[in-house]
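Scroll down for the structure; my scribbles are underneath it.
A note on names: the letters A, B, ... follow the listed sequences, proteins ahead of strands, and every chain is numbered from 1. Everything numeric in this text was worked out from a predicted model, so none of it was measured.
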Amino acid sequence: MSALFPIPQAVDPTSSQDTPHPGQGRGRRTPSPEELLDGLNEPQRAAVVHAGSPLLVVAGAGSGKTRVLTRRIAWLISERKAHPGSILAITFTNKAAAEMRERVEDLVGRRARIMWVSTFHSACVRILRKEIDKFGYKSSFSIYDAADSKRLMTLVLRDLDLDPKRYQPRAVLNWVSTQKNELVDEEKATANAKNHLEETYAEAYTIYQRRLREANALDFDDLIMTTVHLLQAFPEVRETYRRRFRHVLVDEYQDTNHAQYALVRELCADEPGAETGGADRVEPSELMVVGDADQSIYAFRGANIRNILQFEEDFPNARSILLEQNYRSTQTILNAANSVISRNKGRKPKNLWSDAGDGDKITGYVADDEHDEARFVSEEIDKLTDAAKAKPGDVAVFYRTNAQSRVFEEVFIRVGMPYKVVGGVRFYERKEVRDALAYLRMLVNPADEISLRRILNVPKRGIGDRAEACVEALAQRERLTFWDALRRAEEAPGIASRSLNSIRAFVDMVDELQSMVDAGERADVVLEQVLARSGYLKELEDSDDPQDETRVENLAELVAVAREFADEPVSGPSVDPADTDAPPPGLGDFLERVALVADSDQIPDQPEGGDDNGVVTLMTLHTAKGLEFPVVFLTGLEDGVFPHMRSLGDQTELEEERRLAYVGLTRARERLYVSRAVVRSAWGAPAHNPASRFVDELPVDLVDWRRTEAAQTSWNRPVMPSLPQRNAGGVTRRFGTAAIRADSAAKAKGTREIPSLDPGDRVLHDSFGMGTVVSLDGAGDNAVASIDFGSEGVKRLLLRYAPVEKL
DNA sequence: GAGAACTTAATTTTT
DNA sequence: TTAAGTTCTC
């Protein structure tokens, strides 16, 4: 757990090409123009030197877009004399940001440090910390992650007395998130509501926002939306940032949502008429966006491919540059990827090519089950390492969902293969880590009710539900924050005197800790004091639950992370050197950093030669975006797994899955493996999945099948009246004891019965909410219903699996 | 108020 | 299968 933070370090092996003078990058270098263009092809050079109009770089996988971005920034500073502080570069992850900063620094020296290179979210936080007082927030606002948001929404829904079955926090939050990504605030959402469901959602949205505000907190989506609103509401603020950022560069533009697009526009768009044409008029900033529509894989969280497809319309007289030469993979791998992605409709044709030669064929393997598949992968890695063809650190294993990592872990542990799972149950989502952070957040921002109530009785200190409810009642009656109500708990009617004593002790402890924070104490010291004084650590240490041992270790790790942070030089990424009044990084800065880390920020840095052979990296396909590995295993290629079951009935979603496959295939440099399991256990019972359609889309002559389904013994194969059809939801369960068990379990639950539906019926779906049946196809197990879920759109659902209930 | 025992729901992807 | 949430019991 050492790479939780983007510690600047070259990871991409190709980065060495960009550091021709190692050790010399610290000073104030002035590279020659030739040096900055060295090794670039024509279109790449054009992108680096382009000046003036908005620029779209369509960068196919592995076409060197990161090089183009870093060289361009260096070019701006070095050749066009741009002030580094006038550059805003947006990347997808913190890690990518740190890498980019490092590489530019290698080219032009330390002055590059004051560029803003960050994610959208970090950049917005930075702006908001400075400006959000204009909206009545305090600059110490908390950032709520998904779990905090869910907790808060649960409270809101409870307050509204809504049936928790009908209105699940997740579903409501998804809806709210969509609104925010579209820059629809709670008032507009209320006005837009077209039916009862939307009215209810809008009401929840309104109260949710009110409580966020009372807690002086913003959720992830608020960070972007509020920044846009700020720039729109205060023209002088907007002018400040427009004048400041003369160069805006956005990476992964295909994954931006509407709010992010609007933010870019606020900063960069030319605006006829807004100014009177006087001397005050600010020339629009230079904008460059880089992306690849074929790698757009975040539509589910609001990303809008239209942003990249219609860039030329959005920004008149924009120029486009296409990068098609791939410097990463063999031609075999590229042909496979091209073949798959070409099945998507309505895409701009693009053909990646490489002069790296054909290389090895793709290796295919059909496993009996997921254990067999994992064993195959591990044995294959063994063979490669024994033959010195690869080191564990060269290898990545990809899968569609995090749950699939378990089998690989089991096998890898058994055979002693070093590995690291990226993502999954993340460090910062562990209970003990979240508890510790909740303490810290509530110290910095006592209005943060969610954090405060999370730890109010953790460890147990005799402040139970009863007492908590009394305090909350007091808070609501007196219009106090929960914390202020706690301080005046003796006024709460009906509160037990025993609870009152506990509350007093708690308040005293918090007061003491808060005075430490106010005194500017280091984050790690505060954290240690929190763990000690709250008794949290002691409770874990005294426990005989073996799980609690690892919890203690995780907390020690968190303290170490805090210490590392506190020891950082003052010019950390979140401190603006241009701000002379910027205080040294404190607890608040630490929490901010922690709130914005992503899975991909923890990808292990590959060792630079030496004896260390690195570790195999396991991750989801989504996390793999932007990375590359000499050896890639693409696993679980089964219809229902990948493409995921929920995408099978929907053309748009299926195309997104296909883009995901394209991303996965193009991560490989030399060797690519594709595998699937005939039988895979999914929540208890084994399921029999047909081959992924993406396998069929690979050119046959490119794949060398090490083992095929025909190699299975006959009793292992499905003996079914109708063999699995390649249709929407071609997922079949095998007959046999397991299937019977699954069926009886389903019956016992009473929800897995296939509902008999007719067009016009009203239904309730677990995540889409209420809908109306439009039409039905098929019968029995294969029955598929088209259901209109209003704002969620019309979905085709396989009734056998879809969590729908007839109303 | 706390812990045990039970039920139930969820399994897509994440800044 | 597992985790999280709810109810029950002391």
Output all residues satisfying side-chain hydrogen bond (donor to acceptor under 3.5 Å, both in side chains) with A/Asp292, sequence neighbours left out; order by chain, then residue number.
->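 Residues passing side-chain hydrogen bond (donor to acceptor under 3.5 Å, both in side chains) with A/Asp292: A/Gln295, A/Lys350.
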Listed by chain and number, what are the side-chain hydrogen bond (donor to acceptor under 3.5 Å, both in side chains) partners of A/Ser118, not counting sequence neighbours?
->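 None.
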Among all residues two or more places apart in sequence or in another chain, which pass the side chain to side chain contact (heavy atoms under 4.5 Å, CB included) test with [X]?
{"X": "A/Thr154", "answer": "A/Lys150, A/Arg158, A/Pro169"}
{"X": "A/Asp145", "answer": "A/Ala147, A/Asp148, A/Phe220, A/Arg434"}
{"X": "A/Asn344", "answer": "A/Ile341, A/Arg347, A/Glu655, A/Arg658, A/Arg659"}

In whole angstroms, how far is the C1' atom of B/dT12 from the CG atom of A/Leu660?
->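 Taking atom C1' of B/dT12 as the reference, CG of A/Leu660 is at 9 Å.
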May I have the distance from A/Arg158 (atom CZ) to C/dT6 (atom C1'), rounded to whole angstrom?
->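 Those two atoms, CZ and C1', are 11 Å apart.
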Give a yes/no on whether any side-chain N or O of [X] is located under 4.0 angstrom from OP1 or OP2 of [N].
{"X": "A/Asn402", "N": "B/dT13", "answer": "yes"}
{"X": "A/Thr623", "N": "B/dT14", "answer": "yes"}
{"X": "A/Gln168", "N": "B/dA10", "answer": "yes"}
{"X": "A/Thr93", "N": "B/dT15", "answer": "no"}
{"X": "A/Arg301", "N": "B/dT13", "answer": "no"}

For atom C1', what is the distance between B/dT12 and C/dG5, given to the nearest Å?
->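 Rounded to whole Å, the distance is 22 Å.
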Do A/Ile297 and A/Leu621 have side-chain heavy atoms sitting under 4.5 Å apart?
->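 Not touching, per the 4.5 Å side-chain cut-off.
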Under 4.0 Å between any heavy atoms, over every strand shown, what does A/Ala467 touch: base, sugar-phosphate, or nothing? Just pick one.
->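 The answer is sugar-phosphate, as A/Ala467 gets under 4.0 Å only of primed atoms, P, OP1 or OP2.
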Under 4.0 angstrom, heavy atoms only, what part of the nucleic acid is A/Arg659 near: base, sugar-phosphate, or nothing?
->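 No contact.
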Are A/Glu370 and A/Arg406 ion-paired here, with the side-chain N under 4.0 Å from a carboxylate O?
->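 A/Arg406 and A/Glu370: not salt-bridged.
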Of the nucleotides [options], which has the atom closest to the [X] side chain?
{"X": "A/Phe300", "options": "B/dT12, B/dT13, B/dG1", "answer": "B/dT13"}
{"X": "A/His622", "options": "B/dT13, B/dT12, B/dG1", "answer": "B/dT13"}
{"X": "A/Arg406", "options": "B/dT12, B/dG1, C/dT1", "answer": "C/dT1"}
{"X": "A/His644", "options": "B/dA10, B/dT12, B/dT14", "answer": "B/dT12"}

Got a list of protein N/O to nucleotides 2-5 of chain B N/O distances below 3.5 Å?
unit_1	atom_1	unit_2	atom_2	d
B/dA2	OP1	A/Gly462	N	3.2
B/dA2	OP2	A/Asn457	ND2	3.1

Earlier contact from the 5' end, DNA chain B, for A/Ser499 and A/Tyr298 =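 Mapping each residue to its closest nucleotide by heavy atoms, the 5'-most match is A/Ser499.
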